[in-house]
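A quick write-up on the structure given underneath.
If you're wondering where the values come from, they're calculated on a predicted model, not measured in any experiment. Start at 1 and go down the list; that is how both ligands and their atoms are numbered. Every heavy atom of this structure was used, including side-chain atoms; hydrogens, water molecules and symmetry mates were not.
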Amino acid sequence: MEKLVSLAKRRGFIYPGSEIYGGLSGTWDYGPLGVALKNNIKNVWWRMFVDSRDDMYGVDAAILMNQKVWEASGHVGGFSDPLVECKKCKRRFRADQIGGPSTKLGAGKCPECGGSFGNVRQFNMMFKTHVGAAEDESSVSYLRPETAGGIFVNFKNIVDSFHPRLPFGIAQIGKAFRNEIAPRDFLFRVRELEQMEVEYFVRPSEWEKAFEEWRKLVFAFTDAVGISRGAVHELEVPDGERAHYSKRTIDFEFDFPFGRKELCGLAYRTDFDLSAHAKASGATLSIVDKEGEAPIVPHCIEPSFGIERTVLALLVSAYTEDTLGGETRTYLKFNPDVAPIKAAVFPLLKNKPELVAKAREIYTALKKDVPQILWDDNGNIGKRYRRQDEIGTPACITIDFQTLEDGTVTVRDRDTGTQERRSISALRGIIAPHTGL
Ligand code: GAP
């Protein structure tokens with residue numbers, strides 16, 4: 001983990017949030033390569049679950065919502081973690097991480113000072129705020145703790161605008177916020193995160209079939225972005241440990257360096273949310289699925305992916321150390337579809353104007369089609385290769401003296417270090433398939 005966190009910072013993927021002020025716990029800022037990586041992940045997800053399907057509707061709902069949304073969904077009453085406070089040093093911990101929520105008193109001693117704990121109490125994880133100038137109960141709002149809320153309140157809008165038949169899904173990618181008691185493990189547990197969620201609405205009798213389909217699709221996505229299949233494991237979440245809205249949940253866990261932990265989840269939310277919002281708002285949240293049939297409240301299957309954990313699992317899956325040409329090197333073996341930079345273009349020598357001019361010409365032409373390419377003429381070729389390896393660039397294109405004679409360049413493969421001569425006209429075909437063009 002230390003190596004990953006340091007590489008991520010040094011090479012411009014991820015920085016600690018508010019760093020020059022000493023940071024803000026549970027927040028991270030994405031640098032240029034981190035943004036590109038995240039966008040590529042989101043694009044793979046959106047293509048797979050929205051654009052390539054006929055039964056999916058995308059939304060981008062407001063983060064701030066009427067407080068009644070979160071009352072109806074059960075989050076005001078129940079979105080909490082068990083908290084204990086040390087009587088001596090007053091530090092706070094999640095009870096289940098140091099003793100277990102089943103005990104009335106926080107078990108064990110304070111890991112910081114050895115003091116004893118007070119009673120376990122429930123701590124609501126939603127960030128509360130006020131909307132507008134008046135700071136009273138009526139202006140209370142929350143930063144959404146899951147993107148799902150924005151989907152359920154738009155169910156009626158989608159039905160009214162598009163008249164879908166069951167099954168159909170509504171998808172959203174966006175920020176969510178959780179005031180975690182103990183943010184930790186780099187991107188794993190943060191207070192500001194992004195989720196990619198689908199609420200897939202089905203006839204109540206068909207939930208099991210849809211659940212099984214989405215179970216496979218979760219792996220289709222983790223495979224597509226390049227998360228090691230062997231490191232992802234299903235965990236059937238037992239009764240009593242599921243979220244309040246779920247009748248069945250599978251957590252997909254990943255072998256992170258700090259242990260096997262949840263990467264993403266699949267839940268059967270029944271009609272819990274639509275029924276609760278219909279009751280609280282008075283809106284009709286049902287659908288006439290077949291002519292002449294009575295309206296039904298669909299049941300809902302929810303695959304939910306967190307971007308931070310996906311980024312972390314990808315970094316862990318991609319991080320590789322090997323020996324190449326007698327030297328040890330570190331490289332990120334990203335799947336080219338998610339690699340932030342698709343190719344780097346180099347003139348062999350910086351001080352040969354004819355090579356630089358030709359390289360610039362090739363770079364400029366390629367960049368029009370494939371924006372995610374880099375120019376590098378700094379240091380010797382070996383150093384440039386290492387720099388690209390470290391950020392996971394799949395191909396390095398070098399313009400040399402032979403290029404001027406026969407219009408070929410060398411294309412060097414990140415993983416094997418092998419070089420091939422290819423014609424300039426073939427370059428777009430090598431790189432563009434990984435850009436979603
Ligand atoms: N709408 C369902 C839902 O929010 P969840 O299991 O609480 O379910 C879904 O969260 C996913 O969001 C998790 O599997 C994880 O990837 C991500 N996630 C949740 N809390 C997180 C946190 N504090 N830090 C990073 N990712 C988080």
Side-chain angles (χ1 to χ4, degrees), residues 14 17 24-28 30 38 41-42 45 59 61 63 65 69-70 73-75 78-81 94 96-97 123-127 142-153 169-200 211 214-215 218 221-222 225 227 232-237 241-254 256 258 260-270 272-274 276-277 300-316:
I14 295 144
L24 179 67
S25 178
T27 65
W28 295 89
Y30 287 80
K38 254 197 334 175
I41 293 169
K42 291 187 216 176
W45 190 90
V59 295
I63 289 172
M65 302 181 80
V69 172
W70 304 112
S73 69
H75 284 80
F79 190 62
S80 45
D81 268 346
R94 251 178 72 169
D96 56 333
Q97 284 173 356
F123 171 76
N124 193 297
M125 289 197 291
M126 285 199 294
F127 283 97
Y142 302 92
L143 300 185
R144 67 182 177 203
E146 55 168 4
T147 60
I151 294 181
F152 291 119
V153 300
I170 306 179
Q172 176 164 229
I173 297 179
K175 291 260 184 184
F177 301 82
R178 299 180 180 192
N179 198 2
E180 296 282 354
I181 295 167
R184 59 170 64 185
D185 296 322
F186 191 27
L187 298 176
F188 181 78
R189 193 174 300 288
V190 293
R191 289 182 167 137
E192 177 174 338
L193 58 134
E194 266 186 286
Q195 291 183 318
M196 306 180 285
E197 298 199 300
V198 170
E199 305 304 324
Y200 196 69
F211 193 92
W214 279 102
R215 199 170 168 177
V218 168
F221 173 74
T222 54
V225 289
I227 293 175
V232 182
H233 313 273
E234 291 188 356
L235 174 80
E236 186 77 45
V237 180
E241 287 181 28
R242 290 189 294 269
H244 60 279
Y245 48 70
S246 176
K247 261 209 174 142
R248 184 177 180 198
T249 298
I250 291 181
D251 281 350
F252 294 79
E253 298 190 314
F254 179 79
F256 289 103
F258 40 87
R260 186 174 288 185
K261 298 267 164 79
E262 179 185 338
L263 168 67
C264 54
L266 178 64
Y268 169 40
R269 288 180 82 132
T270 68
F272 176 89
D273 300 271
L274 289 184
H277 288 305
C300 178
I301 305 296
E302 178 198 63
S304 176
F305 300 85
I307 295 185
E308 279 64 27
R309 291 187 192 176
T310 307
V311 167
L312 185 53
L314 268 179
L315 288 171
V316 172

Under 4.0 Å, counting heavy atoms only: does [X] come that close to any atom of ligand 1?
{"X": "M125", "value": "no"}
{"X": "F79", "value": "no"}
{"X": "F252", "value": "no"}
{"X": "I307", "value": "no"}

With atoms numbered from 1 as shown, which atoms in ligand 1 lie under 4.0 angstrom from a non-hydrogen atom of [X]?
{"X": "Y245", "answer": "2 (C), 3 (C), 8 (O)"}
{"X": "E262", "answer": "6 (O), 13 (C), 14 (O)"}
{"X": "L263", "answer": "14 (O), 15 (C), 16 (O)"}
{"X": "E146", "answer": "1 (N), 2 (C), 3 (C), 4 (O)"}
{"X": "C264", "answer": "14 (O)"}
{"X": "E180", "answer": "22 (C), 23 (N)"}
{"X": "E197", "answer": "1 (N), 2 (C), 3 (C), 4 (O)"}
{"X": "R269", "answer": "1 (N), 2 (C)"}

What protein heavy atom lies closest to [atom]? Include the residue and the distance to one decimal.
{"atom": "atom 2 (C) of ligand 1", "answer": "E302 OE1, 3.0 Å"}
{"atom": "atom 17 (C) of ligand 1", "answer": "G306 CA, 3.8 Å"}
{"atom": "atom 9 (C) of ligand 1", "answer": "S304 OG, 3.1 Å"}
{"atom": "atom 10 (O) of ligand 1", "answer": "Q195 NE2, 3.5 Å"}
{"atom": "atom 26 (N) of ligand 1", "answer": "R309 NE, 3.3 Å"}
{"atom": "atom 20 (N) of ligand 1", "answer": "R178 NH1, 3.2 Å"}
{"atom": "atom 18 (N) of ligand 1", "answer": "L193 CD1, 3.7 Å"}

Return the orientation label for the F272 and Y245 ring planes: parallel under 30°, perpendicular over 60°, tilted otherwise.
tilted

What pair of heavy atoms forms the shortest contact from [X] to [Y], and how long is it?
{"X": "E197", "Y": "S304", "answer": "OE2-OG, 2.5 Å"}
{"X": "T249", "Y": "S246", "answer": "OG1-OG, 2.6 Å"}
{"X": "I250", "Y": "R248", "answer": "CD1-NH2, 3.7 Å"}
{"X": "A182", "Y": "R189", "answer": "O-CD, 3.4 Å"}
{"X": "A61", "Y": "Q172", "answer": "N-OE1, 2.6 Å"}
{"X": "Q195", "Y": "P145", "answer": "OE1-O, 4.3 Å"}

Non-hydrogen side-chain atoms of [X] and [Y] separated by less than 4.5 Å:
{"X": "C300", "Y": "F152", "answer": "yes"}
{"X": "K38", "Y": "Y30", "answer": "yes"}
{"X": "I14", "Y": "L315", "answer": "yes"}
{"X": "F177", "Y": "I63", "answer": "yes"}

Salt bridge (Lys or Arg N to Asp or Glu O under 4.0 Å) partner of E192, chosen from K175, R178, R144
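Exactly one candidate clears the test, K175.
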
Return yes or no for this condition: an N or O of [X] is under 3.5 Å from an N or O of ligand 1.
{"X": "L187", "result": "no"}
{"X": "F188", "result": "yes"}
{"X": "E199", "result": "no"}
{"X": "V190", "result": "yes"}
{"X": "F305", "result": "no"}

Should L314 and F254 be marked as a side-chain contact (heavy atoms from CB on, under 4.5 Å) after you check the CA-CA gap, both sets of side-chain angles, and the distance that decides it?
CA-CA 10 Å; L314 268 179; F254 179 79; over 6 Å; no

Less than 4.0 angstrom from a charged side-chain N to a carboxylate O is my criterion; do R269 and E146 meet it?
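Salt bridge present between R269 and E146.
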
